[in-house]
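Data block below; observations after.
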Amino acid sequence: MRLFVTLLCSILFCFSAAAPASSSGWQQAKHLQAELVSEYQTVQAGQSVLLALHFIPDEHWHTYWINPGDSGLPTSIDWQLPQGVTAGPIQWPTPQFFSIPPMMNYGFAGPTVLLTELKIPADFALSELDIAAKVDWLVCEEICIPADASFRFSIPVTESAERSAYAAELISKAQASQPQPLALSGYYDIAGGSFSAAIAGLPDEDFQGFFVAATELVDHAAPQQLLFSEGEWLLRQKLNTYFTQAPEQFELVLVSANGQGYSLSLKAAEHLAVAGQRETSNSGQALWLVLLMAAAGGFILNLMPCVFPVLSLKALSIAGNSGQRKQQQSDALWYSLGVVLSFVALAGVLLALRAAGAAVGWGFQLQSPLLVAALAYLLFALGLSLSGLVQFGLGLMNAGGGLTQQKGAKGSFFTGVLAVVVASPCTAPFMGGALGYAVTQPPALALLVFVALGLPAKTATRHQRA
């Protein structure tokens, strides 16, 4: 009797653990178990079916994304299907960063589901859909272990399809873990030893990181730079040591602060041009357009509320030199020189910080509360001094005010410097595109754009003389 009860319990356990018809059952490998599950338990001709490859790795172990990063291998599936049935590419979840200094890898920890869509032809005449797949993967902690498994099961083909309750929740979670596809494209360029991209129209999110699906394109362990400017997200990362050729197009996944992923396609920037035009011609035309935009933005910037009050300092000085045309011209030239050199210095600091890995952009220095407070004090002091209410002594703030109020070349030059310092939190029309272009280009081109941005100061001082 005891032997009979034991045998009966074993049979019941086997039946309870048996996989449903829509699953291959679990396969055990080192540090990982896996199963292949179908969205439907019965199918019909002409429909599509999602298959879910379900991984559960041991704690602290992970598998890899389509671009594994500095090491590793992505999971691959070799399908054996009836004639006419086709399998699409793997639908990958949003990956995670795995930092193993000095390397950076991309993959998945914890339970992971990779979806694949099967398409059954309308003339499929078999009574069963036989599904077989050989899967290869790499599972890693501090060491990596290659593994493979073969999965096989059959699904009845009937006149009506029936979903699998066993697979419903699994597939729903898998779809929720995938990045949301966006119906837009961005453009990228390779310049100055770095990958740069500009993307407009993204959701209103605070993006914290990105993944490029193209292998050997970026230096995965290098700092990522993400900057939002004038409605565009600008991305930048150093090129991979083994970079040889830029792909025409690849997938990019952006990850927001709350972990939500968004996927879109990135295209090489030269494909914006009309077919048949040479890249050098396009670059030259683009540069002239950017320089024109920078100059227009710089001219309009003179009329913005953050700059226009500073111009009054120079207007009063020039008005005091009425009848002395040579002195007025000298003041205008020194003021313009102060503006242009300040723009160049500001651009040089910005480019140096970005090369060091800092995510900074236009107006970065005004992110310092101490500098903002000092400028507020200086401008307030200048206002009181110009009004005649207060005469300041030789304090630190008076040094700044004194420089701008001096007669001659020195006063004109430092008024131009002050105009640039207080102008940097402001933007004007056309500036966004020009600055976005500048921060993705080599230093020489970037500095040229900033010079074009500062040159309209000369025009502004001519209007003052008038």
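Both backbone and side-chain heavy atoms feed into the values below; hydrogens, waters and symmetry mates do not. Numbers here are sequence positions counted from 1. No experiment lies behind these values; they were computed from the predicted model shown.
At least one side-chain heavy atom of L182 sits less than 4.5 Å from a side-chain heavy atom of P203. Side-chain contact between P68 and L73: absent, with no pair of heavy atoms (C-beta onward) separated by less than 4.5 Å. Considering only heavy atoms from C-beta on, F98 stays 4.5 Å or farther from M103 through its side chain. Side-chain atoms of L50 and Q175, non-hydrogen and from C-beta on, do get closer than 4.5 Å to each other. Inter-residue side-chain proximity for L184 and I199 is flagged as met; some heavy-atom pair is nearer than 4.5 Å. Between L234 and E232 there is a side-chain heavy-atom pair separated by less than 4.5 Å. In this structure, the side chains of L53 and T116 stay at 4.5 Å or more apart for every pair of heavy atoms. Under the 4.5 Å side-chain criterion, counting only non-hydrogen atoms from C-beta, L266 is not in contact with F210.
Closest heavy-atom contact between P74 and W92: CB-CH2, 4.2 Å. Contact between G261 and T94 at its shortest, heavy atoms only, is CA-OG1, 3.7 Å. Closest approach of I66 and T215 over heavy atoms only: O-CG2, 4.5 Å. Residues A122 and A45 come closest through the heavy atom pair O-CB, 3.5 Å. Considering every non-hydrogen atom in both P102 and D70, the closest pair reads O-OD2, 4.4 Å. Closest approach of A147 and A29 over heavy atoms only: CB-CB, 4.3 Å.
Within a 6.0 Å sphere centred on CD of Q28, heavy atoms belonging to other residues, nucleotides or ligands number more than 12.
We find the CD1-CH2 distance between I143 and W61 to be 4.5 Å, quoted to the nearest 0.5 Å. In this structure, CD1 on I56 lies 5.0 Å from CD on Q33, to the nearest 0.5 angstrom. Considering CZ of R163 and CD of E39, their distance stands at 4.5 Å, rounded to 0.5 Å. In this structure, H31 NE2 and H62 NE2 are separated by 13.0 Å, a value rounded to the nearest 0.5 Å. The line from OG of S256 to CG of L202 is 11.0 Å long, rounded to the nearest 0.5 Å. Note that CD of Q41 and CD1 of I155 are 9.5 Å apart. Values are rounded to the nearest 0.5 Å.
Listed for the T112 side chain is a donor-acceptor partner under 3.5 Å among the backbone atoms of G110. Formation of a donor-acceptor pair under 3.5 Å by the D206 side chain with backbone atoms of A257 is not found in this model. Not a single donor-acceptor pair under 3.5 Å links the side chain of Q224 to the backbone N or O of L235. No side-chain donor-acceptor contact under 3.5 Å links Q47 to the backbone of A161. Between the D219 side chain and the N240 main chain, no donor and acceptor come within less than 3.5 Å of each other. Between the S177 side chain and the P93 main chain, no donor and acceptor come within less than 3.5 Å of each other. Panel note: side chain Q80, backbone D78; a donor-acceptor pair is recorded below 3.5 Å. Without hydrogens or angle criteria, T42 side chain to E162 main chain gives a donor-acceptor distance under 3.5 Å.
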After noting the C-alpha distance and the side-chain angles of L51 and S38, does the key distance pass the side chain to side chain contact (heavy atoms under 4.5 Å, CB included) rule? CA-CA 5 Å; L51 297 182; S38 169; 3.6 Å; yes
Do F55 and V113 pass the side chain to side chain contact (heavy atoms under 4.5 Å, CB included) test, and can you show the C-alpha distance, the side-chain angles, and the key distance before you say yes or no? CA-CA 6 Å; F55 282 154; V113 180; over 6 Å; no
Might you work through the side chain to side chain contact (heavy atoms under 4.5 Å, CB included) test for L217 and N67, ending with a clear yes or no? CA-CA 10 Å; L217 175 60; N67 177 7; over 6 Å; no
Check the pair L254, E205 against side chain to side chain contact (heavy atoms under 4.5 Å, CB included), reporting the backbone distance first and the verdict last. CA-CA 10 Å; L254 283 159; E205 295 274 10; over 6 Å; no
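N105 and S71 share a donor-acceptor pair across their side chains, judged by distance under 3.5 Å alone.
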When the side chains of residues 129-138 are checked against the rest of the protein, which donor-acceptor pairs come out under 3.5 Å, sequence neighbours left out?
| residue | atom | partner | partner atom | Å |
| --- | --- | --- | --- | --- |
| D130 | OD1 | S154 | OG | 2.4 |
| K134 | NZ | D136 | OD1 | 3.3 |
| K134 | NZ | D136 | OD2 | 3.4 |

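The aromatic rings of Y262 and F207 stand perpendicular to each other, their planes meeting at an angle above 60°, with 30° marking the opposite boundary.
Legend: disulfide (SG to SG under 2.5 Å) pairs involving residues 131-201, not counting sequence neighbours, sorted by first then second residue: C140-C144.
Note: F250 and Y188 meet the aromatic proximity criterion, with ring centroids under 6.0 Å apart. Remark: aromatic rings of Y106 and F97 are close, center separation under 6.0 Å.
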